[in-house]
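Beneath this line is the structure, given in structure tokens, with notes to follow.
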Amino acid sequence: MKAIYLEHFGGPEVLLHGERPTPEPADDQVLIEVHAAGVNPRDWMLREGTYFARRLVGGPPIIPGSDVSGVVAEVGAKVTGFRVGDPVVAMQSILGRMGGYAEYIAVKEGCVAHKPAGVSHVAAAALPVAGLTAWQALFEIAKVGSGAVMTVVGAAGGVGHLAVQLGRWAGVDMVGVCGPENLDFVRGLGARLVVDRRAENFLDVVSAQDLVFDTIGRERFGKVIRVLTPHGVQITTVPTPAALAEGLLARLRGGPRLATVLVKPRQADLTSLLQLTAAGDLRPEIAGVYPLADAAEAQRVSRTFRTRGKLVLSVRS
């Protein structure tokens with residue numbers, strides 16, 4: 001099969017486009033013929049050797065990529081929920097060694113969901129990592145619901161723009177923080193208030209927040225705590241040692257919390273995201289679609305942190 005892979009860490013130039021062995025599914029796995037694959041910061045972090053879980057991915061050669069949409073090509077002996085020919089969406093687990101930038105990928109059945117007919121492969125491939133991160137942050141960690149007040153930092157990005165829409169769907173009072181070029185975009189997603197991060201500090205604008213969702217991982221808890229309710233939480237997507245230590249100390253003190261969302265590839269959560277997308281309640285913004293061979297360029301764009309929405313690789317037209 002054709003795939004993008006790397007044999008050592010480095011810049012975009014280390015990504016190779018060539019032949020790799022087609023994986024054979026284990027008894028509990030589904031082999032997916034990939035039509036589209038999502039591009040995430042974890043992909044270029046892995047390529048650079050800075051991804052926090054890189055050792056769990058295994059040694060080279062490594063095929064990056066966690067998000068795929070495609071069609072079932074083969075099922076393992078113990079798989080009961082899928083058949084050959086089913087359109088599916090999946091998020092590969094870290095222990096699955098990634099593998100999304102390829103024509104085929106083998107994924108455990110519990111990480112796979114049926115793709116609704118009305119959702120394209122490109123839109124579906126944009127959902128798993130970013131959508132599951134937002135879903136689990138909002139509804140598992142923070143447990144926000146109707147009437148809650150929430151700020152999303154990085155509201156136009158891959159995770160952020162989905163978090164704003166999920167909050168709107170759940171009846172949350174949404175505040176979005178983004179650059180000036182994205183103010184109207186974030187407002188259109190459902191944010192009641194949009195803060196231009198270059199013109200003002202959102203901490204001087206908001207108060208009594210049930211959740212501050214920092215999708216960029218740059219906001220210090222010591223400053224954010226003053227705008228949280230006594231039971232509020234700041235959630236970061238970046239699991240740094242400092243954030244983990246601060247989170248532990250906050251739990252010991254009581255009051256506002258700091259938590260890190262470590263996304264999990266849950267079939268039920270992914271199914272919910274796909275159903276909302278099919279119903280029109282969730283719309284992944286596609287910033288660009290690149291041929292598989294141009295994965296290096298897609299990663300360069302992702303690395304700028306200026307992407308509105310998601311980048312996707314087209315593996316099969």
Side-chain angles (χ1 to χ4, degrees), residues 40-42 45 50-54 94 129-145 147-168 170 172-179 182 186 189 191-264 269 303 305-307:
N40 295 291
R42 60 165 55 185
M45 289 179 185
T50 60
Y51 182 47
F52 81 98
R54 62 189 179 279
I94 293 172
V129 168
L132 289 171
T133 298
W135 181 276
Q136 291 164 15
L138 270 64
F139 305 131
E140 179 181 324
I141 299 176
K143 296 180 172 61
V144 295
V149 183
M150 165 184 165
T151 294
V152 178
V153 180
V159 175
H161 88 289
L162 297 175
V164 172
Q165 293 178 74
L166 288 173
R168 177 205 63 204
V172 177
D173 182 5
M174 299 298 307
V175 179
V177 181
C178 61
N182 289 314
V186 172
L189 297 175
R192 171 186 58 81
L193 173 65
V194 184
V195 180
D196 180 349
R197 63 179 176 81
R198 296 180 195 167
E200 53 189 342
N201 188 336
F202 80 95
L203 296 173
D204 297 328
V205 177
V206 305
S207 63
Q209 300 293 294
D210 296 297
L211 168 61
V212 171
F213 187 19
D214 179 11
T215 69
I216 304 173
R218 296 177 182 172
E219 303 296 332
R220 291 300 304 271
F221 181 63
K223 295 182 178 180
V224 172
I225 191 172
R226 66 183 174 88
V227 303
L228 295 173
T229 66
H231 300 290
V233 57
Q234 176 189 350
I235 299 178
T236 178
T237 60
V238 182
T240 63
L244 295 173
E246 283 185 308
L248 178 60
L249 288 173
R251 283 186 177 275
L252 293 174
R253 287 195 303 263
R257 297 179 291 129
L258 171 64
T260 302
V261 55
L262 300 175
V263 62
K264 304 173 185 67
D269 294 350
R303 186 72 172 80
F305 291 104
R306 295 182 182 275
T307 301

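Just so you know, these numbers use all the heavy atoms, side chains as well, and skip hydrogens, waters and symmetry mates.
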**OP:** List the steps, then state whether side chain to side chain contact (heavy atoms under 4.5 Å, CB included) holds for Thr237 with Thr260.
**Re:** CA-CA 6 Å; Thr237 60; Thr260 302; over 6 Å; no

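- Expressed to the nearest 0.5 Å, how far CD of Gln136 lies from CD1 of Ile141 amounts to 7.5 Å.
- No donor-acceptor distance shorter than 3.5 angstrom exists from the side chain of Asn40 to the backbone of Arg42, with no hydrogens or angles considered.
- Between the CG atom in Leu228 and the CZ atom in Phe221 there is a gap of 6.0 Å [rounded to 0.5 Å].
- Both the sub-6.0 Å distance and the 45° axial angle are satisfied by Arg218 relative to the ring of Phe305.
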**OP:** I would like to know whether Phe213 and Val159 meet side chain to side chain contact (heavy atoms under 4.5 Å, CB included); could you show each step before the answer?
**Re:** CA-CA 10 Å; Phe213 187 19; Val159 175; 3.7 Å; yes

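- Closest of all the heavy-atom pairs between Pro256 and Ala250 is O-CB, 3.8 Å.
- The distance from atom CG of Leu166 to atom CZ of Phe139, rounded to the nearest 0.5 Å, is 5.0 Å.
- Side-chain contact between Val227 and Val212: present, with at least one pair of heavy atoms (C-beta onward) separated by less than 4.5 Å.
- Using modelled atom types, no side-chain atom of Lys223 and backbone atom of Arg220 make a donor-acceptor pair closer than 3.5 Å.
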Subject >> Full working for side chain to side chain contact (heavy atoms under 4.5 Å, CB included) between Leu138 and Met150 >> reply: CA-CA 9 Å; Leu138 270 64; Met150 165 184 165; 3.5 Å; yes

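- To the nearest 0.5 angstrom, Leu211 atom CG is 8.0 Å from Met174 atom CE.
- A salt bridge links Asp204 with Arg226: the distance from a Lys NZ or Arg NE/NH1/NH2 to an Asp or Glu carboxylate oxygen falls below 4.0 Å.
- Atom NE2 of His161 is separated from atom CG of Leu189 by 7.0 Å, given to the nearest 0.5 angstrom.
- The two residues Val144 and Ala148 make their nearest non-hydrogen contact at CB-CB, 4.1 Å.
- Remark: the backbone N or O of Leu248 is not paired with any side-chain donor or acceptor of Arg251 at under 3.5 angstrom.
- Looking at Val153 and Thr215, their side chains never come closer than 4.5 Å, going by heavy atoms from C-beta outward.
- Within 6.0 Å of NZ in Lys264 there are more than 12 heavy atoms belonging to other residues, nucleotides or ligands.
- Two residues are said to be in side-chain contact when any heavy atoms from C-beta on lie closer than 4.5 Å; Leu203 and Val224 meet this criterion.
- The shortest distance between side-chain heavy atoms of His231 and Asp210 does not fall below 4.5 Å.
- Rounding to the nearest 0.5 angstrom, the gap separating the CZ atom in Arg257 from the CD1 atom in Ile225 is 12.0 Å.
- The heavy-atom pair separating Leu258 from Ala243 by the smallest distance is CD2-O, 3.5 Å.
- Looking at every heavy atom in both residues, Leu262 comes nearest to Pro239 through CD2-CB, 3.9 Å.
- Counting all heavy atoms, side chain and backbone alike, Ala155 lies closest to Gly176 at CB-CA, 3.8 Å.
- Side-chain atoms of Gln209 come within 3.5 Å of backbone atoms of Ser207 as a donor-acceptor pair (strictly under, hydrogens ignored).
- The closest donor-acceptor contact from the side chain of Asp196 to the backbone of Gly179 lies at 3.5 Å or more, if one exists at all.
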Subject >> Residue pair Phe202, Glu219: steps toward the side chain to side chain contact (heavy atoms under 4.5 Å, CB included) verdict >> reply: CA-CA 11 Å; Phe202 80 95; Glu219 303 296 332; 3.7 Å; yes

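- Across every non-hydrogen atom of Cys178 and Val194, the tightest pair is SG-CG1, 3.7 Å.
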